[in-house]
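Working notes, structure below.
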Amino acid sequence: MRKNSLLTFIGFILLFHLSEKGISQVGDEWINLNQQYYKIPISREGAYQLDYNTLINAELPLATIDARTFRIYHRGSEIAIRVTGQNDGRLDQGDVIQFLARGNDGISDTPLFPDPQDQPHIYYNIYSDTTAYFLTWRLDGVQGKRMVEQNIINNVDNLPAETSYTKNIRNLLVNSASGGQSYNPANEV
């Protein structure tokens with residue numbers, strides 16, 4: 001119940017702040033106050049999974065949840081997930097919820113700058129490296145967004161195996177900052 005109150009409070013603050021700016025859509029339309037949400041903090045890009053025991057320890061009522069209705073939201077959008085063993089409608093021992101996630105970036109910092117061009121870049125968040133994903137489920141039986149699974153395709157055209165691949169790596173140097181230009185009025189002529 002406390003989670004719903006906190007989300008309601010945050011939604012009210014956002015609504016008040018944005019309505020003063022004349023914006024009618026606030027970005028919390030995905031929140032249904034009749035549902036429970038479990039916050040999943042993520043700080044690094046990767047593939048994640050929630051297993052049965054983790055969900056039981058988080059006190060999810062798995063016995064009453066149709067596993068086909070699980071969904072995960074990030075920044076107001078539902079992301080595709082994979083739920084093993086969901087065909088029977090239950091999440092049992094050995095079943096998992098899998099999803100792809102990434103850590104925080106600077107996109108959510110953009111409204112902090114009066115002119116978005118003043119933002120140094122969108123790759124690093126000035127507040128936190130951790131972002132939140134929210135796990136929930138539907139009570140009305142509507143199924144959630146799922147990853148498309150494909151079978152391995154046989155190499156019928158005898159294509160040669162790939163011998164290499166290219167990977168782009170972005171290094172953000174965030175442990176120090178430039179002091180900017182120095183100004184010394186004594187040196188003026």
Side-chain angles (χ1 to χ4, degrees), residues 25 27 29-32 35-58 60-110 116-117 119-175:
Q25 189 174 6
E29 294 82 12
W30 62 277
I31 298 173
N32 179 346
Q35 293 177 198
Q36 291 180 311
Y37 294 85
Y38 288 83
K39 184 177 179 180
I40 307 164
I42 301 288
S43 62
R44 299 190 70 177
E45 182 175 357
Y48 291 85
Q49 73 178 25
L50 304 168
D51 63 18
Y52 176 86
N53 291 330
T54 299
L55 298 173
I56 287 293
N57 289 337
L60 264 77
L62 292 181
T64 62
I65 298 172
D66 183 343
R68 295 169 290 212
T69 67
F70 275 118
R71 24 188 100 229
I72 293 182
Y73 289 90
H74 180 246
R75 293 184 177 158
S77 297
E78 183 179 359
I79 64 168
I81 62 176
R82 180 175 184 257
V83 182
T84 64
Q86 72 175 357
N87 292 339
D88 61 1
R90 295 188 320 266
L91 194 74
D92 302 310
Q93 188 75 28
D95 294 341
V96 294
I97 299 173
Q98 299 172 324
F99 61 102
L100 300 174
R102 60 179 181 205
N104 210 0
D105 55 28
I107 291 176
S108 59
D109 288 343
T110 303
Q117 298 297 326
Q119 185 175 7
H121 57 73
I122 60 170
Y123 305 115
Y124 182 74
N125 187 285
I126 59 176
Y127 176 70
S128 174
D129 65 348
T130 303
T131 188
Y133 286 72
F134 293 92
L135 172 69
T136 190
W137 56 92
R138 293 284 295 257
L139 302 174
D140 58 9
V142 176
Q143 294 189 6
K145 191 174 186 179
R146 295 296 183 258
M147 293 179 183
V148 176
E149 296 186 41
Q150 296 180 342
N151 294 328
I152 297 174
I153 300 172
N154 292 330
N155 189 358
V156 293
D157 294 331
N158 293 321
L159 297 172
E162 295 291 334
T163 59
S164 65
Y165 72 99
T166 302
K167 180 178 180 179
N168 292 326
I169 298 175
R170 178 177 292 117
N171 288 322
L172 296 176
L173 306 175
V174 296
N175 292 331

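Basis for what follows: all heavy atoms, side chains included, without hydrogens, waters or symmetry-related copies. Fair warning: this is a prediction, and the values are worked out from it, not measured in the lab.
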**Report entry** Full working for side chain to side chain contact (heavy atoms under 4.5 Å, CB included) between R102 and I42
**Finding:** CA-CA 7 Å; R102 60 179 181 205; I42 301 288; 6.0 Å; no
Requested in this report: Report the residue from L50, T84, V83 that forms a side chain to side chain contact (heavy atoms under 4.5 Å, CB included) with V96.
Outcome: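 It is T84; the other options fail the test.
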Query raised in the report: With the threshold set at 4.0 Å, does a side-chain nitrogen-carboxylate oxygen contact exist between K145 and E78?
Result: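 So K145 does not pair with E78 through a salt bridge.
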Query - Lys/Arg N to Asp/Glu carboxylate O, R68 vs D88, below 4.0 Å - result: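 Looking at R68 and D88, the cut-off is not met.
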So, [X] side chain and [Y] main chain: donor-acceptor pair closer than 3.5 Å or not?
| X | Y | value |
| --- | --- | --- |
| R71 | A80 | no |
| T130 | P41 | no |
| N104 | S128 | yes |

Taking the side chain as everything from C-beta on, heavy atoms only, tell me whether [X] gets closer than 4.5 Å to [Y].
| X | Y | result |
| --- | --- | --- |
| Y52 | L62 | yes |
| Y123 | D105 | no |
| I81 | I97 | yes |
| Y38 | L60 | yes |
| D66 | Q86 | no |
| I79 | F99 | yes |
| Y133 | I72 | yes |

Query - Candidate pair F70 and I65, rule side chain to side chain contact (heavy atoms under 4.5 Å, CB included), full reasoning - result: CA-CA 8 Å; F70 275 118; I65 298 172; 3.7 Å; yes
Below 3.5 Å, can you tabulate the donor-acceptor pairs from side chains in residues 156-172 to any protein atom, sequence neighbours excluded?
none

Using a distance-only test with no angle check, is there a side-chain donor-acceptor pair under 3.5 angstrom linking [X] and [Y]?
| X | Y | result |
| --- | --- | --- |
| R82 | Q49 | no |
| N125 | D109 | yes |
| T54 | D51 | yes |

Report task. Run the numbers on L91 and L55 for side chain to side chain contact (heavy atoms under 4.5 Å, CB included), then give the verdict. Result -> CA-CA 10 Å; L91 194 74; L55 298 173; 3.2 Å; yes
Query raised in the report: Which heavy-atom pair separates H74 from A132 by the least distance, and what is that distance?
Result: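 Shortest heavy-atom separation between H74 and A132 comes out as CD2-O, 3.3 Å.
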Query raised in the report: Which heavy atom of R90 sits nearest a heavy atom of D95, and at what distance?
Result: O-OD2, 3.6 Å
Query - Q93 atom CD, neighbour heavy-atom count above 12 within 6.0 Å - result: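 Counting other residues, nucleotides and ligands, CD of Q93 exceeds 12 neighbours.
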Query raised in the report: So, for Y37 and W30, is the gap between ring centers shorter than 6.0 Å?
Result: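 Y37 vs W30: aromatic centres under 6.0 Å.
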